[in-house]
*Asks:* 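Handing you this structure, nothing more for now.
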Amino acid sequence: MIIDELEPLVRGAVEGACQAGALPPSARDCAYTVEPARNRDHGDYTTNAALTIASACGLPPRAAAAGIVEHMALDGSPVETVEIAGPGFINFRLKSDWLQGVIVEIERAGSAYGHNITMAGHRVLLEFVSANPTGPISVVNGRAAALGDSLRRLFMASGAEVATEFYVNDALNSTQIDLLAASLEARYRQALGHEAEVPAEGYQGDYLIRIAADLARTYGASLAELPDAERPDRFRTLAIETMLERQRQDLAVFGVEFDRWFLESSLYESGAVTSAIESMQVAGFTYEKDGAVWLRTTELTGDDQDRVLVRSDERATYVAADAAYHKDKFDRGFTDLVNIWGADHHGYVARLKAGIKALGYDSDRCSIILTQMILLTRDGELVKGSKRAGDVIPLADLVEEIGRDASRYYCLLTSYETTASFDLEVAKRESADNPVYYAQYAHARCSAVLRRAEESRLPEVNASDVERSLLRNPKELELLRVLAEYPREVQLAAESKAPHRLTAYVRVIGQALHQFYEECPALKDDVPFPVRDARLALFRATRTVVANLLGLLGVAAPDRM
RNA sequence: GCGCUCGUGGCUCAGUGGAUAGAGCAUCUGACUUCGGAUCAGAAGGUCGGGGGUUCGAAUCCCUCCGAGCGCGCCA
């Protein structure tokens, strides 16, 4: 990566300037950045080293810049020219042969181009969606699913070992599951033609009607005749099984699968919940009040009130189970826990972290991403969840309407920190105003050119063998610059857990590609062979980068559209 | 009331303390003897919610006010 070469160059120059007395010794301790220039007029890369050093050492910025530049060892570096500009920025322009060499690197690395090792040695457990088994997967869950799946790919591309989990709140002591079971039983009785009502606090969505009809078909009236002691458990089990299967399908259609569906109930069965509670008690982080056991979350993480671990009826709460779950994650050897939750759970962060701390683990190793909502509009009108779907918009409906790729792309288009919204009619349109097609078209266009070359039986010349110095048109050089940035973009997206950076960057690639395409024909009759081969190699490199990028988003890279 | 998040062109959104705040859509003007026009070139459009502060420099950090969303259970 180019920054890895420029950064030492700057550091060496600062050191040289210090030794020569051009800068005071304290300049060595100044922080500064080396990054791509935003404005191409400023060159290819820039550093603010002189500005921060001047500020810290009380020097005129341009004088500091001059001192640094004077001691820069440019021989053998990728840098063509250095200049001082504006208030004291040091701008670099790269040698074109360095840029042209990028296609060799891309061809050599292939599908691994852009990978890095910044997360090598990390074992990451990504937990996301984890929706209650009380209804279908919603669009908001979909946003978390797209994000989690993309992060999995980004972390892997950064050298981490990654596992994904969906935590299933299936514990039989759950009030919500009780309600789900009661709701299902009512629907079942209705299906049998009996009088029955779904509890007022229960689940009214009509997905339960369909499930109940299936039960009536499979079991006849036998379930209704079960003794009172057995019936509720039977319905709980049936409700969870059928809802989980439905959720699994919704996510599979979306292209997201999990390494493991972790059952909360397994924590009770193994005794993990009980032992976690005991462990917190022994460590002195709990107390008893009103017949319940409380965790000192106020003290541990500044929660606004302490939380109940064990209810007065001796049933454990989800706080206890989740603490046990996260202990289990750490005990399985994961070094980094990443949880993706809906923003409506933000009040729960302090609780979980308190549980982790109370069990003696480092809560900083667990990072929690809160995704904001996603609003859908249709022709400008807000689309609302229907009563029949349980007041949410099912992800399956979205996928059915606009397709998997568009659904995923839109979910990743914006930062998860902002409430996003997009219009279904626009997203459905297969036209220019749809960003997912712009990205995919870049890939398809490269493929089209290369396919045509193949059909003309042109021999494929490797990037290492073409005359790369012929790639000197400004559009060609700009495309090379953009492709050279890809590894850095991947690293930044992984570091900041922000796949949406890539959707912005792929547009930049597309733009550079299309401009190159417009101005630099490869297969026209009057193009000399060496130029043709060099340009075809550039198309191949671009296609590789776009394919790799779309792969990180979990979006298809089609050869034809 | 307390807490968390967010206010950026008409709309949807980028923008890790740096240079003249960027894209896309919509609007307007151009480019088809097409290596795929799902493209490209250009125009217009901004008190970065308001006001203070920190600094060489603030959309970004701090304070305050206004507005929006979400959360404040022995539910998950």
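Quantities reported herein were computed from a predicted structural model and do not represent experimental measurements. Chain letters run A, B, ... following the sequence lines, proteins first, then strands; residues in each count from 1.
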*Asks:* Between A:Q515 and A:R501, just flag the one whose closest nucleotide in RNA chain B comes earlier from the 5' side.
*Replies:* A:R501
*Asks:* Are the charged groups of A:R540 and A:E460 less than 4.0 angstrom apart, N to O?
*Replies:*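 A:E460 and A:R540: salt-bridged.
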*Asks:* Taking atom types as they are modelled, would you say the side chain of A:R507 forms a donor-acceptor pair with the base of B:U39 within the 3.5 Å cutoff?
*Replies:* no
*Asks:* Go through the structure and list residues passing side-chain hydrogen bond (donor to acceptor under 3.5 Å, both in side chains) with A:T298, not counting sequence neighbours.
*Replies:* A:D306
*Asks:* Judged by each residue's nearest nucleotide on RNA chain B, which is more toward the 5′ side, A:Y416 or A:R452?
*Replies:*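 The residue closer to the strand's 5' end, by nearest nucleotide, is A:Y416.
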*Asks:* Which residue pairs pass the side chain to side chain donor-acceptor pair (under 3.5 Å) test with at least one member in residues 449-458 of chain A, sequence neighbours excluded?
*Replies:* none
*Asks:* Please list, for nucleotides 70-74 of chain B, all pairs of protein and nucleotide N/O atoms separated by less than 3.5 Å.
*Replies:*
residue	atom	partner	partner atom	Å
B:C70	O2	A:H346	NE2	3.1
B:C74	O2	A:S312	N	2.7
B:C74	O2	A:S312	OG	3.1
B:C74	N3	A:S312	OG	3.1
B:C74	N4	A:D290	O	2.6

*Asks:* Which residues pass the side-chain hydrogen bond (donor to acceptor under 3.5 Å, both in side chains) test with A:Y348, not counting sequence neighbours?
*Replies:* A:D322
*Asks:* For residues 416-426 of chain A, run the donor-acceptor check on the side chains, cut-off 3.5 Å, and write out each pair with its distance to 0.1 Å, sequence neighbours left out.
*Replies:*
residue	atom	partner	partner atom	Å
A:T418	OG1	A:S415	O	3.1
A:D423	OD1	A:D379	N	3.3
A:D423	OD1	A:E425	N	2.9
A:D423	OD2	A:T377	OG1	2.9
A:D423	OD2	A:D379	N	3.0
A:D423	OD2	A:G380	N	3.0
A:E425	OE2	A:R378	NH1	2.7

*Asks:* With a 4.0 Å limit, can you tell me whether A:H500 has a side-chain N or O closer than that to the phosphate oxygens OP1/OP2 of B:G15?
*Replies:*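 The answer is yes; a side-chain N or O of A:H500 sits under 4.0 Å from OP1 or OP2.
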*Asks:* Can a side-chain donor-acceptor contact be found between A:Y325 and A:E165 if the only test is distance below 3.5 angstrom?
*Replies:* yes
*Asks:* Between side-chain atoms of residues 521-539 of chain A and protein atoms elsewhere (two or more places apart, or another chain), which donor-acceptor pairs fall under 3.5 Å?
*Replies:*
residue	atom	partner	partner atom	Å
A:R535	NE	A:E476	OE2	2.7
A:R535	NH1	A:P521	O	2.6
A:R535	NH2	A:E476	OE2	3.4

*Asks:* Can you tabulate the close N/O pairs, meaning under 3.5 Å, that link protein atoms to atoms of nucleotides 5-11 of chain B?
*Replies:*
residue	atom	partner	partner atom	Å
B:U5	O2'	A:Q372	NE2	3.3

*Asks:* Which stems, defined as runs of 3 or more consecutive Watson-Crick or G-U wobble pairs with both pairing distances under 3.5 Å, involve RNA chain B?
*Replies:*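 The stems that RNA chain B takes part in, listed by first number, are B:1-7 with B:66-72, B:10-13 with B:22-25, B:27-31 with B:39-43, B:49-53 with B:61-65.
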*Asks:* List the residues meeting side-chain hydrogen bond (donor to acceptor under 3.5 Å, both in side chains) with A:R543, not counting sequence neighbours, and say none if there are none.
*Replies:* A:S447
*Asks:* Any donor-acceptor pair under 3.5 Å linking the side-chain atoms of A:D29 with those of A:S26?
*Replies:*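 Judged by distance alone, the side chains do not pair up.
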*Asks:* Run the side-chain hydrogen bond (donor to acceptor under 3.5 Å, both in side chains) test against A:N132 and tell me which residues pass, sequence neighbours left out.
*Replies:*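 A:N132 satisfies side-chain hydrogen bond (donor to acceptor under 3.5 Å, both in side chains) with A:Q176 once adjacent residues are dropped.
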*Asks:* Is a side-chain donor-acceptor pair under 3.5 Å present for A:Q491 with A:E495?
*Replies:*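 The answer is yes; a qualifying pair exists.
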*Asks:* Hey, does the side-chain of A:Y318 have a donor or acceptor N/O within less than 3.5 Å of a partner on the base of B:A76?
*Replies:*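 A donor-acceptor contact between them is present.
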*Asks:* With the criterion being N/O to N/O and under 3.5 Å, what pairs connect the protein with nucleotides 18-20 of chain B, and how long is each?
*Replies:*
residue	atom	partner	partner atom	Å
B:G18	N7	A:N48	ND2	3.2
B:A19	N6	A:T46	OG1	2.8
B:A19	N6	A:N91	OD1	2.9
B:A19	N1	A:N91	ND2	3.2

*Asks:* What residues, two or more places apart in sequence or in another chain, satisfy salt bridge (charged side-chain N to carboxylate O under 4.0 Å, His left out) together with A:K327?
*Replies:*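 For A:K327 the salt bridge (charged side-chain N to carboxylate O under 4.0 Å, His left out) partners, ignoring immediate neighbours, are A:D331.
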*Asks:* Any side-chain donor paired with an acceptor under 3.5 Å for A:Y318 and A:R307?
*Replies:*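 Looking only at side-chain atoms, A:R307 and A:Y318 do not form any donor-acceptor pair under 3.5 Å.
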*Asks:* Whole angstroms only, please: what is the NE2-C1' distance between A:H514 and B:U34?
*Replies:*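 Distance, rounded to whole Å: 14 Å.
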